[in-house]
Amino acid sequence: MSLPIIDSFGRKHTYLRISLTDKCNLRCTYCMPQEDMQFMPSKWLMQADEIQALAEIFVEMGVEKIRLTGGEPLVRKDVGEIISGLGKLPTSLTLTTNAVFIDQFIGNLKEAGVNSLNVSLDTLNPERFKTITKRDHFSTTLAHIRLLLSEGFIVKVNVVVMRGINDDEVNDFVRLTIDEPNMHVRFIEFMPFNGNQWDMSKIVSYAELISTINNEFDFRQLSGELHDTANRFQVSGGAGTFGIIGTVTHPFCEGCNRIRLTADGKLKNCLFDTSEIDLLTPLREGKDVRALIYSHFEKKHFAHGGHVSFTEKQAKSDYEQNRRMIAIGG
Ligand code: SAM
Ligand code: SF4
């Protein structure tokens with residue numbers, strides 16, 4: 001067993017998020033740039049055996065939970081093989097998906113021990129879905145969320161709330177949690193990334209979300225854990241829960257335990273830190289990558305990748321230099 005990955009603030013990193021691809025079958029405006037997107041050539045991507053090898057190293061270094069993400073992880077042809085391989089590791093395994101292809105993987109996920117998934121859905125209105133994602137898959141996504149629930153999976157629905165786009169639907173999403181114990185909605189503050197047309201005025205803040213929900217529902221806060229990104233709540237008498245991920249106005253960096261591996265094998269110690277370390281090349285050369293991993297986490301900043309604030313001016317200069325969200329892995 002190797003030493004755990006602990007940064008200079010004493011945070012132990014036990015949660016690995018692996019991006020499988022920067023490709024996607026949707027084109028969400030907040031995630032992908034509006035202009036033509038250049039995808040990574042396939043030979044840059046970690047292959048299934050390389051993903052498995054790196055995951056095994058991280059597990060030896062104390063990782064307890066692995067999440068597959070992207071881009072859309074389910075567009076990768078060998079995703080079934082990757083899920084099966086990672087399912088054999090002594091960690092919990094989960095994924096974040098837009099659920100359009102999830103019906104093809106139900107058996108595969110169950111065999112790999114996956115019992116909870118995050119599904120992105122930003123609107124309950126089919127026309128709006130088309131506007132936000134530039135694709136017409138609303139009914140499939142909704143049907144697949146129902147399928148996952150009927151198959152006994154816990155479903156966390158991720159909703160990026162944007163002013164003037166879908167902020168009038170917050171309470172409709174909260175209502176979904178009332179009767180369904182396995183339904184957990186999480187509202188995410190809109191974050192700035194390269195080319196995603198972010199500006200401060202489009203954020204619907206943690207405080208505003210609480211106030212909107214308070215206008216219609218009685219609810220209580222649930223206890224949380226140090227590493228939680230979402231503060232969780234439950235409507236009185238409700239079965240499921242809702243949460244708010246207030247990355248911008250209500251950050252949770254203090255308890256951060258997350259490690260990110262991009263689809264091309266670069267290690268990121270924070271979603272917002274532009275610095276990366278290449279693990280794939282040394283892995284391909286047969287070198288031990290552990291020292292690189294420790295050194296990158298020793299340099300981890302306390303919050304937001306070292307950027308001091310999310311003001312409009314700073315966000316435009318700092319966060320625009322980061323990768324696009326779709327190329328990091330959300
Ligand atoms: N394709 C999968 C999906 O949509 O669930 C996985 C990848 S996606 C990049 C992961 C998560 O990041 C999604 O829940 C998405 O809503 C979120 N996300 C993407 N861009 C974002 C942004 N600018 N602000 C907040 N959340 C964002
Ligand atoms: Fe694709 Fe997910 Fe990004 Fe939407 S949020 S474009 S579904 S990767």
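Counting convention: from 1, in listed order, for ligands and their atoms alike.
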Using only atom types and a distance under 3.5 Å, with no angle test, would you say the side chain of Arg27 pairs donor to acceptor with the backbone of Thr133?
no
One finds that the ligand 1 atoms under 4.0 Å from a non-hydrogen atom of Asn158 are 14 (O)
Between Glu72 and Lys23, is there a salt bridge with N-O shorter than 4.0 Å?
no
Does any N or O atom in Gly71 lie less than 3.5 angstrom from one in ligand 1, N or O only?
yes
Mind checking whether His13 and Phe297 have ring centres under 6.0 Å apart?
yes
Ligand 2 versus Asn98, non-hydrogen atoms closer than 4.0 Å: side chain, backbone, both, neither?
side chain
Sub-4.0 Å heavy-atom approach of Ser120 to ligand 2
no
Proximity of Asn196 to ligand 1 by residue part, where a heavy atom lies under 4.0 Å
side chain
Would you say Ser120 has any N or O atom under 3.5 Å from an N or O of ligand 1, going by distance alone?
yes
Atoms of ligand 1 close to Gly70 [distance to a heavy atom under 4.0 angstrom, numbered from 1]
7 (C), 9 (C)
Just heavy atoms, cut-off under 4.0 Å: does Phe193 contact ligand 1 by side chain, backbone, both, or neither?
side chain
Ranked by distance from atom 4 (Fe) of ligand 2, the top protein heavy atom is Cys28 SG, 2.3 Å
Using a strict threshold of under 4.0 Å (side-chain N to carboxylate O), is an ion pair present between Glu254 and Arg11?
no
Could you tell me whether some N/O pair between Met191 and ligand 1 is separated by less than 3.5 angstrom?
yes
Is the closest heavy-atom distance from Ala99 to ligand 1 below 4.0 Å?
no
Would you check if the side chain of His296 reaches a backbone N or O of Leu267 as a donor-acceptor pair within less than 3.5 Å?
yes
Could you name the option among Pro73, Cys24, Gly70, Cys31 that has the heavy atom nearest to atom 5 (S) of ligand 2?
Cys31
When you measure from the centre of the six-membered ring of Phe190, is the NZ or CZ of Lys202 closer than 6.0 Å and no more than 45° off the axis?
no
Number the atoms of ligand 1 from 1 as they appear, then name those within less than 4.0 Å of a heavy atom of Ile188, with their elements.
25 (C), 26 (N)
Answer yes or no: is there a donor N or O on one side and an acceptor on the other, between the side chain of Thr131 and the main chain of Glu127, under 3.5 Å?
yes
Is there a nitrogen or oxygen of Thr96 sitting under 3.5 Å from a nitrogen or oxygen of ligand 1?
no
Phe187 and Tyr206 aromatic centres sub-6.0 Å
no
Hey, is Arg128 close enough to Asp168 for a salt bridge, meaning N to O under 4.0 Å?
yes
Return yes if some donor-acceptor pair links the side-chain N/O of His144 with the main-chain N/O of Ala99 below 3.5 Å, else return no.
yes
Contact (N/O only, under 3.5 Å) between Asp122 and ligand 1
no
Thr69 N/O under 3.5 Å from ligand 1 N/O:
no
